[in-house]
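Below: the structure, in structure tokens.
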Amino acid sequence: MSSRIDVSVEQRGSGNAPSGDPGGKAGHPNTCPSCQSHYRDDELAATYGVCPQCGHHFPLRAHERVAQLADAGSFAEDDAQLRSADPLSFFDVRAYTDRLADAETTTGLGDALISGAAHIERRPCRLAVMDFAFMGGSMGSVVGEKFWRACERSASDGLPLVCVTASGGARMQEGILSLMQMPKTVCAVDMLREASCPFIPVMTHPTTAGVLASFASLGDVAISEPDALLAFTGPRVVQQTIKGEKLPEDFGLAESNYRLGHLDAIVERSGLRPYLGRLLAIFAAGSQQ
Amino acid sequence: MSSRIDVSVEQRGSGNAPSGDPGGKAGHPNTCPSCQSHYRDDELAATYGVCPQCGHHFPLRAHERVAQLADAGSFAEDDAQLRSADPLSFFDVRAYTDRLADAETTTGLGDALISGAAHIERRPCRLAVMDFAFMGGSMGSVVGEKFWRACERSASDGLPLVCVTASGGARMQEGILSLMQMPKTVCAVDMLREASCPFIPVMTHPTTAGVLASFASLGDVAISEPDALLAFTGPRVVQQTIKGEKLPEDFGLAESNYRLGHLDAIVERSGLRPYLGRLLAIFAAGSQQ
Amino acid sequence: MRDRLARVRELPLLRGVGVRDELSRLQQQIERVQAEPSEEEIWRAVELARHQDRPYTLDYVERLFDDFVELHGDRHLTDDPALVCGIGRFRSRSVALIGHQKGRDIHERSRRNFGMAFPEGYRKGMRVMELAQRHGFPLLTLVDTPGAFPGVAAEQHGQGGWIARSQIAMAQLGVPTVACVIGEGGSGGAVAIALADRVLMQANAIYSVISPEGCAAILWRDAEQAKKAAAAFRPNAANCLQLGVVDSIVQEPPGGAHEDHDAAAAMLGDALVAALTDASKIDATKRRAKRREKFRMMGVYTT
Amino acid sequence: MRDRLARVRELPLLRGVGVRDELSRLQQQIERVQAEPSEEEIWRAVELARHQDRPYTLDYVERLFDDFVELHGDRHLTDDPALVCGIGRFRSRSVALIGHQKGRDIHERSRRNFGMAFPEGYRKGMRVMELAQRHGFPLLTLVDTPGAFPGVAAEQHGQGGWIARSQIAMAQLGVPTVACVIGEGGSGGAVAIALADRVLMQANAIYSVISPEGCAAILWRDAEQAKKAAAAFRPNAANCLQLGVVDSIVQEPPGGAHEDHDAAAAMLGDALVAALTDASKIDATKRRAKRREKFRMMGVYTT
Ligand SMILES: [Zn+2]
Ligand SMILES: [Zn+2]
């Protein structure tokens with residue numbers, strides 16, 4: 001399990017930038033890696049971060065996602081104070097504690113997942129959102145614990161949990177404890193199931209490795225944004241095992257996952273909120289029967 | 001769903017008889033359809049009805065099967081008095097009632113399944129055995145009801161049910177009621193499951209169509225004799241849907257079912273009784289835990 | 001038919017407590033079934049059941065559901081378009097739905113394999129059954145298939161086994177379940193999703209152990225004898241009701257469901273609601289045992 | 001290590017009721033773990049865990065089971081030989097077993113994909129879990145895999161999803177469950193079958209989120225730095241015990257389990273029985289919740 005997704009896919013499209021690169025915008029976060037169109041912040045915000053030219057879904061920061069999905073003003077964050085410890089005093093080319101501090105400074109987040117109470121289309125629920133910008137959305141102890149607590153609150157209130165995933169996998173720097181966040185989050189979903197609370201993960205690019213292989217795959221319904229990489233082992237590593245053979249064109253992408261029976265629906269970002277609203281309405285009525 | 005198995009497979013091998021046919025024994029029930037060796041009754045009985053030359057498993061009559069599996073004198077038959085009615089007054093080229101009467105005369109059986117209390121390797125159980133000689137082992141109301149009662153007795157005694165299957169499918173002459181024996185026998189297995197009674201079907205040649213698609217596939221363990229045809233749709237019909245394409249060599253046979261993950265074990269006839277004994281011992285100890 | 005009903009009463013069949021219920025239900029409906037159907041009339045039901053304009057599962061869903069979210073995929077290999085699954089709002093309840101879908105034009109028919117499901121289709125259905133169980137959604141199933149798909153891959157993937165597992169999954173459900181045969185109820189492919197608390201059948205639907213053509217080919221060795229075969233095993237609704245295989249018959253608009261999809265849907269909707277209400281009355285803890293008892297009663301034999 | 005233990009005590013980690021249990025268990029075993037392992041010692045564990053003569057699942061089954069019936073197949077596509085499943089008699093109990101099997105010689109290793117399971121393997125395991133649940137058999141799992149198989153078909157068949165489903169199937173079991181890491185506990189492929197009431201680990205086994213080589217390749221961009229990577233994330237048993245990831249360490253014969261398969265089996269057998277007895281004491285109705293609480297405790301963070 002890799003704690004990072006394959007760079008090759010993470011930045012897919014960007015390698016095809018015309019060599020001219022007028023204005024030096026290739027690689028700029030507001031330049032579409034698929035069609036090279038460039039946008040102002042307010043232009044992208046108006047389209048939910050979707051390229052109006054080609055439909056490319058730009059990555060969203062967690063708070064942007066919350067703003068898109070939750071009814072205005074409804075989100076009340078929980079557990080924002082949780083921070084990773086450094087159980088292994090881990091040091092590769094840099095200390096884990098330094099990486100954490102940097103990530104917090106850059107993103108303004110305590111870790112790669114935020115969660116809280118919310119309303120979506122006037123339906124009360126719990127909402128958890130991962131942020132790939134925080135160390136590749138990797139799952140360490142804080143992500144696991146915040147997910148657990150979100151499930152616990154859902155179960156005790158009898159409310160659905162919606163969770164938007166974006167993760168390269170486990171937080172390697174926490175060693176075996178990062179691996180243990182897989183069974184831990186799985187147990188959290190089991191708690192939701194025992195309480196008959198709906199669990200609706202929304203998988204976005206990328207949802208891979210330890211997160212795909214734990215809670216992200218255990219929803220009552222499996223939804224993804226278009227073009228998202230959803231793979232346990234990413235294409236770069238799989239390519240190594242098959243040597244010269246060619247990988248299928250859309251290997252690991254949402255579209256191939258849908259075709260192969262792993263997704264109930266691929267939902268465009270602009271349609272996500274109404275789609276979730278419909279699901280929540282169906283589940284809410286079910287629980288009153 | 002066909003109420004007969006494909007003749008092509010039922011009699012596989014026999015078409016390869018040397019054209020000479022010394023003594024005119026081809027097609028004789030004691031002539032091996034695979035290698036043409038011919039045996040006396042006592043010779044076959046001594047080998048459990050298995051050709052010593054090539055391992056071909058000759059079909060067994062239900063009472064022979066009981067004699068091979070149950071401890072001597074332990075089998076006590078139940079429900080022998082049950083007989084089919086003729087709810088549709090069914091008549092094709094002959095009346096169903098005539099076919100039934102003939103089958104009873106020829107086989108000495110009331111229908112295509114016998115069942116009763118038994119011991120296998122000194123372990124008490126219920127034993128049900130189908131007989132292909134009775135109208136192709138087809139499942140009509142009597143087979144369904146006898147299977148139900150066997151399950152009911154197993155459940156109330158807390159004993160395992162061993163069931164040896166051999167069937168071309170539903171008893172077409174009972175129309176829709178023969179189809180209903182599928183959900184009926186499935187419900188019977190559900191009763192066993194609720195009572196935590198082990199259910200061990202042993203599939204023999206052929207187990208197809210409605211029997212394969214109901215109780216035969218719902219065992220705690222899935223066992224077959226070698227070379228048995230185990231298919232929902234037999235090779236002849238499948239061949240029609242694929243036109244010119246060639247079917248795999250061992251299509252639908254136990255060996256291919258094993259390879260494709262549908263069987264736990266293929267057990268030679270001579271090893272069946274000890275194998276069942278081991279399973280019953282494991283399950284018996286489990287139930288006392 | 002009255003003769004046969006009398007005979008049904010005399011035989012020691014449809015045994016046990018269920019008999020009286022079945023008979024009274026029969027009695028209630030017998031007025032509508034005017035007379036013993038002729039060979040021609042039975043064949044007409046076969047033709048209507050297969051009519052190319054007959055409403056299919058999604059036609060009913062569109063008309064009966066306020067909201068419907070289709071669910072896809074078996075989580076292993078593929079999504080089988082021959083079996084439509086989903087959850088939605090039906091007459092102010094949240095329900096789960098599983099139904100065969102034949103496809104309207106030739107392109108869609110081919111894509112959906114004419115409503116003949118693969119093991120993957122039944123596996124998708126079982127996934128939705130689990131979902132229904134977890135959230136207490138009643139399950140509706142609409143049966144409309146010539147049979148399970150008879151191909152190489154379907155066999156290799158365990159067609160027989162998954163038809164069996166789909167049935168036992170329905171047997172084990174704790175939620176109320178209602179099935180309705182809305183077109184062709186073809187053999188194992190049909191019963192895979194028809195092991196329900198209440199089983200309904202549209203007036204012009206057929207429910208049979210084998211297709212008339214298949215039966216003719218085997219028994220008369222002549223597929224041309226399909227009409228004769230159909231008359232012999234009578235797959236029509238009145239016969240299924242009489243034999244206790246279905247609980248009631250859902251009326252269709254004059255001429256058949258294909259003549260007026262909206263009217264057919266309204267009649268089906270009313271019947272499904274009535275059956276669901278009826279099935280919901282049973283104490284949930286006894287539902288599984290009751291359902292077993294229902295199917296236990298099916299069969300005709302002498303003791 | 002004592003330092004670290006002290007640190008563990010101070011941090012608000014391994015929170016809640018489980019903490020005291022974990023700590024006392026830690027205390028009991030800490031005597032055996034002589035000192036903080038060096039880079040060389042950790043690497044030695046990596047080498048021993050992967051030693052080609054190390055006993056595998058079937059070596060233990062052969063020595064520990066009076067009778068064992070292997071079960072095969074996922075009922076859909078294939079039988080995955082990388083994961084061995086069965087039921088049998090173990091120290092006078094009937095149990096179900098699931099374990100990775102690497103294969104001894106090169107032919108068998110290739111056939112078994114070096115113990116790297118496909119989704120079909122985990123599906124076979126889930127089938128055996130159901131069987132265990134139905135008949136009240138405790139479940140033993142033996143973990144020994146470099147990881148789940150990283151190939152095209154495995155991905156296309158839903159590797160991630162089935163690892164997740166295998167875990168939640170174990171979470172939902174009502175029967176007692178004991179897992180032991182007997183060699184390589186490699187990432188998702190390992191946890192798929194390790195969500196148990198009690199998790200043991202052999203003294204020279206490793207349990208890790210990624211292989212040392214993989215970690216080195218990503219963090220140092222140099223697979224040659226594997227030794228350094230291993231020292232950094234410490235996949236050795238003592239570390240896993242200290243972090244509360246495993247409940248106890250199963251001793252091995254001097255030199256390692258490969259030196260004496262019989263002795264290693266005897267030690268493993270005793271440890272499994274002790275853990276099973278321990279896990280069986282919990283009230284069955286509380287087992288699922290207790291198991292969840294156990295895994296809830298895993299992680300280190302500040303509040
Ligand atoms: Zn674009
Ligand atoms: Zn022979």
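Order of the sequence lines fixes the chain letters, A, B, ..., with proteins taken first and strands second; residue numbering starts at 1 for each chain. Worth saying up front: this structure is predicted, and the values here are computed from it rather than measured.
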Determine whether more than 12 heavy atoms belonging to other residues, nucleotides or ligands lie under 6.0 Å from atom CZ of B:Phe199.
yes

Is the shortest side-chain heavy-atom distance between D:Leu268 and D:Gln202 below 4.5 Å?
yes

Which atoms of D:Phe65 approach chain B - backbone, side chain, both or neither, heavy atom under 4.5 Å
neither

Does any heavy atom of chain B fall under 4.5 Å from the side chain of D:Leu71, the backbone, both, or neither of them?
both

Between D:Glu120, D:Glu130, D:Arg127, which has the largest tally of heavy atom pairs under 4.5 Å with chain B?
D:Arg127

What part of B:Arg259 gets closer than 4.5 Å to chain D, counting heavy atoms only: side chain, backbone, both or neither?
backbone

Residues D:His72 and D:Asp79: side-chain donor-acceptor under 3.5 angstrom:
yes

Below 4.5 Å from any heavy atom of chain D, which atoms of B:Leu263 appear? Answer side chain, backbone, both or neither.
backbone

Heavy-atom closest pair (D:Pro176 atom, D:Asp197 atom, distance to 0.1 Å) is CA-OD2, 3.3 Å

Just wondering, do D:Ser166 and D:Ile193 contact through their side chains at under 4.5 Å, heavy atoms?
yes

